[in-house]
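Single-structure report; data block below.
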Amino acid sequence: MSAESASVLDRVVSAERRELWQRSWKRFTSRPMSVVGLGIIVAIVLLAVFAPVVAPYPEHAGKFTDFSNTLQPPSLDHPLGTDHVGRDVLSRILFGYRLSLMLVAVVLGFGVPVGVLLGLVAGYYGGWTETIIMRATDTALALPPLVMALAITSALEPTLTNAMIAIAALWWTWHARLVQSIVASERSEEYVQAAKLAGASTPHILFREILPNTLSPILVKVTLDAGFVILIGAGLSFIGVGVQPPQPGLGTMVSQGTSYLPDSWWVSVFSGLAIFVLVMGFNMLGDGLRDLFDVEVNR
Amino acid sequence: MSRKDITQMRSQVGSESVRARFGDAASRRNFLKALGTAGIAGLAGCSGGGESYDGQEQTTASGGDDESTETETSSGGDSGSSTLRMSATQRFGTVDPAKGTDYTQVLALVNLYDPLVFPDTEGNLQGHLAEDWTVSDDNQTYTFTLREGATFHSGNPVTAEDVQFSAERFLDINQGYSSLLGNVLSKENVTVEDERTVSFTLDRVHSPFLATLVLLFVVDKQLVLDNAEDGDFGDRGDYGQSFLNDNDAGSGPYELAGFERQAQISFSRYADYWGSFKDGAYDNVVVQIITNDPTVRSLMKTGELDMSSQYQSEETYEALAAEDDIRVESVPTVTTFYFKINTQKAPTDDPAVREAMAYGFDYETARNEIAPGSLPAQGPLPTSFGVHNDDIVQPTYDPERARQILADAGYEEGDITVQNTYVKDYGLEEKMGLLFQQNMDEIGINVELNPQTWGTMTELATSVEGTPHINQVFYGPVYPSPDTVFYNQYHSEAASTWMSMEHLEDENVDALIDEARSTVDADTRAELYAEVQARIANQYPDLFIFVQSKKHAFADDVRGYTFRPSMSFDYWFPDFYQE
């Protein structure tokens with residue numbers, strides 16, 4: 001095969017790909033739900049990243065108290081009111097998003113690669129390898145992440161890092177299962193056989209041939225997972241694990257606000273809404289992606 | 001004790017009993033009838049499990065007659081019976097008089113049992129079961145003459161033998177506050193002189209002895225031995241421990257009428273009590289365990305609760321005070337709120353660091369904004385004590401000075417990191433922690449806030465290394481004597497409890513406390529107490545934040561709450577009456 005014909009082929013392939021992407025994007029954007037979801041997430045990520053700039057009182061996320069200004073209802077100065085030690089609720093929500101998103105990044109950043117790798121290996125080799133990996137997965141699946149996080153943080157210190165480790169240590173299981181089941185059926189496909197006959201190495205087959213074909217379900221799962229991780233993080237911080245004062249955890253804010261319900265409703269309600277919006281965003285995006293890829297598969 | 005383990009338990013009040021208690025007069029009577037008879041066994045069965053069932057039936061057998069008679073009277077009478085419903089923030093772990101230590105347990109004991117002596121509103125000791133007493137010339141033998149006509153709830157008369165038995169039981173079981181007596185008294189030295197006379201001979205002169213006797217609750221020997229199970233105490237079996245864990249064998253003004261450990265405890269008035277009740281005193285008292293403020297607020301507002309606990313949030317008191325038919329009363333107490341500093345662990349083992357902290361904290365904000373109504377502290381002893389040393393210099397908020405102290409001692413910004421521990425989910429302490437963190441940040445000390453459960457805090461206190469640098473603790477007298485403030489917190493013998501998280505080791509302080517204990521003359525003792533206060537304050541083992549004012553919300557018709565300077569003796573139900 002000459003260099004020229006190769007580059008022609010490349011061009012054809014990349015043109016096809018571009019067309020595919022364009023079509024997908026069009027289909028994606030034709031669903032208002034998924035676009036709204038994406039919009040929410042992009043907006044929240046930007047707000048969280050630039051929290052020190054956009055928050056009206058960035059110092060309120062740190063070592064700050066103002067007891068002359070406690071539990072003030074929403075006003076122009078404090079659009080979402082103030083909490084029980086006089087801190088601006090809006091500012092704390094923005095910084096709280098940072099913690100939530102960081103938790104998502106760490107848990108999925110560790111859990112997904114590990115899970116995918118194990119799933120690929122198990123699904124491709126089968127036999128004893130599969131048995132060992134998948135039984136280990138089943139065992140880990142039996143432990144609820146929330147309980148595991150509680151156990152680890154009470155054995156060690158109830159810090160954010162420990163909570164992250166605990167959740168990440170269990171999160172790979174679902175991805176391992178998902179990938180293993182796809183790979184188990186993909187490995188007998190003709191394109192895999194062809195690559196084998198052509199003498200391709202195992203890593204090449206795994207990562208260049210099979211992996212791309214499992215990407216769409218993984219992507220959908222990751223998006224939907226993000227919502228779960230946020231909820232688990234909020235659940236942990238609600239019961240006081242993982243966020244050390246004065247860090248603004250969204251769950252902690254909901255929990256502390258409940259002492260002042262119903263008179264000072266704004267602390268709990270707004271921080272609860274903040275969790276709701278973020279999780280909703282991820283779920284809407286995930287649903288959108290799933291529909292998108294389902295159609296792709298059906299065609 | 002005064003500061004509580006705020007448990008995560010949610011109060012669960014069965015809907016049926018709610019209806020019965022809060023409904024119309026007829027259904028209320030039904031509820032009382034149920035309490036008087038088989039109902040008790042049923043209620044206890046819910047929480048106590050199988051083991052308490054038998055014991056509970058025995059209570060019914062012994063005390064049930066009186067109760068049902070009373071119920072009959074009230075249902076036949078015109079006014080019906082009155083019930084005081086109050087809340088508490090933690091469960092009643094036990095009602096065994098040899099074991100109770102914390103505020104809910106002592107609250108129950110004070111009403112179910114009688115001690116020999118009782119503190120009045122000033123903390124002076126009045127005769128209670130003891131009508132009179134004499135002290136020998138060497139100040140080591142105390143002889144008590146018992147009141148005539150006092151009877152236990154079983155109907156047995158209270159005799160000297162019961163007092164002797166109670167002291168022996170207290171010392172043998174060796175739990176709760178028994179070490180207060182055990183240090184100076186062996187059980188062979190409690191002797192019965194005649195049916196109404198009993199004497200205690202101490203190993204050495206011990207001036208706080210009489211005051212500690214408020215915690216010796218007298219039990220019904222006959223009833224306890226009849227209900228003893230096999231145990232470690234020879235012919236006394238288990239000393240009735242499993243029986244008394246959820247039954248009463250006392251002579252107090254109220255009898256135990258129902259006990260669901262995690263949810264509520266109810267008392268009914270003992271008709272043959274030797275002492276007097278206020279006019280309109282309550283026939284029944286129900287204490288519900290409610291740990292969250294919104295529930296207290298809504299139950300108070302709907303009239304389903306007559307009295308709140310002392311540990312509601314400031315916001316709750318404010319909201320309730322705004323209601324027409326609820327009033328909030330605040331009384332000054334002798335309980336101090338301390339930041340106890342670990343004096344044996346770096347970096348707070350350096351007195352300069354402790355002094356800097358003492359000058360870096362904003363006491364005014366703490367007192368006025370976080371705990372409004374509380375009083376300024378001045379040294380370890382509350383100012384209302386007669387022996388308070390008024391010359392002690394109480395540090396004031398002066399960040400400049402604090403920074404200077406640190407600089408003089410050679411510290412630079414960021415050199416010092418300390419941990420501050422407080423009871424998780426307790427709003428006041430969380431606010432204190434956040435304020436402290438902010439204040440210390442201003443003078444270059446980094447504070448890590450580390451909320452824990454009360455149980456964990458008490459465990460951490462048992463070792464110097466485990467004890468965090470700063471510990472937020474309320475501590476007030478557990479018996480009406482200044483000795484309780486000094487010995488339990490600052491004597492090196494009493495180290496390694498939650499009361500002594502300072503781990504202070506100072507021979508001079510020890511010597512002064514010991515000397516005061518063995519000094520009979522009140523003036524000399526006052527001088528010693530003044531000196532020990534100064535010695536303690538000069539070493540900055542604590543930040544003395546404020547002296548607590550206790551607040552309760554009352555329904556308008558609830559009257560009679562009377563403060564007594566000894567833990568939970570202010571919840572003596574005969575004081576309370578319905579207007």
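Values below: every heavy atom of this structure, side chains too, minus hydrogens, waters and symmetry copies. By convention in this document, chain letters (A, B, ...) are assigned in the order of the sequence lines, proteins followed by strands, and residues within each chain are numbered from 1.
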Do the side chains of [Y] and [X] get nearer than 4.5 Å, heavy atoms only?
X       : Y       : result
R92(A)  : D83(A)  : yes
N420(B) : N450(B) : no
R87(A)  : P246(A) : yes

Taking the six-membered ring for Trp and the full ring for Phe, Tyr or His, determine whether the centres of [X] and [Y] are under 6.0 Å apart.
X       : Y       : answer
Y397(B) : F361(B) : no
H552(B) : Y317(B) : no
F544(B) : F337(B) : no

With only heavy atoms counted, which part of L71(A) is less than 4.5 Å from chain B, the side chain, the backbone, both or neither?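 For L71(A), the contact with chain B is made by the side chain alone.
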Checking heavy atoms, do the side chain of T258(A), its backbone, both or neither come under 4.5 Å from chain B?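 T258(A) touches chain B through backbone heavy atoms alone.
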Quick one: what part of [X] sits under 4.5 Å from any heavy atom of chain A, side chain, backbone, both or neither?
X       : answer
Q437(B) : both
E314(B) : neither
N446(B) : both

Pick whichever of V447(B), N368(B), D293(B), L434(B) has the most heavy-atom pairs under 4.5 Å with chain A.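 Between V447(B), N368(B), D293(B), L434(B), the count favours L434(B).
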Residue, of T295(B), T365(B), I370(B), T316(B), that accumulates the most heavy atom pairs under 4.5 Å with chain A: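 Of the options given, most contacts go to I370(B).
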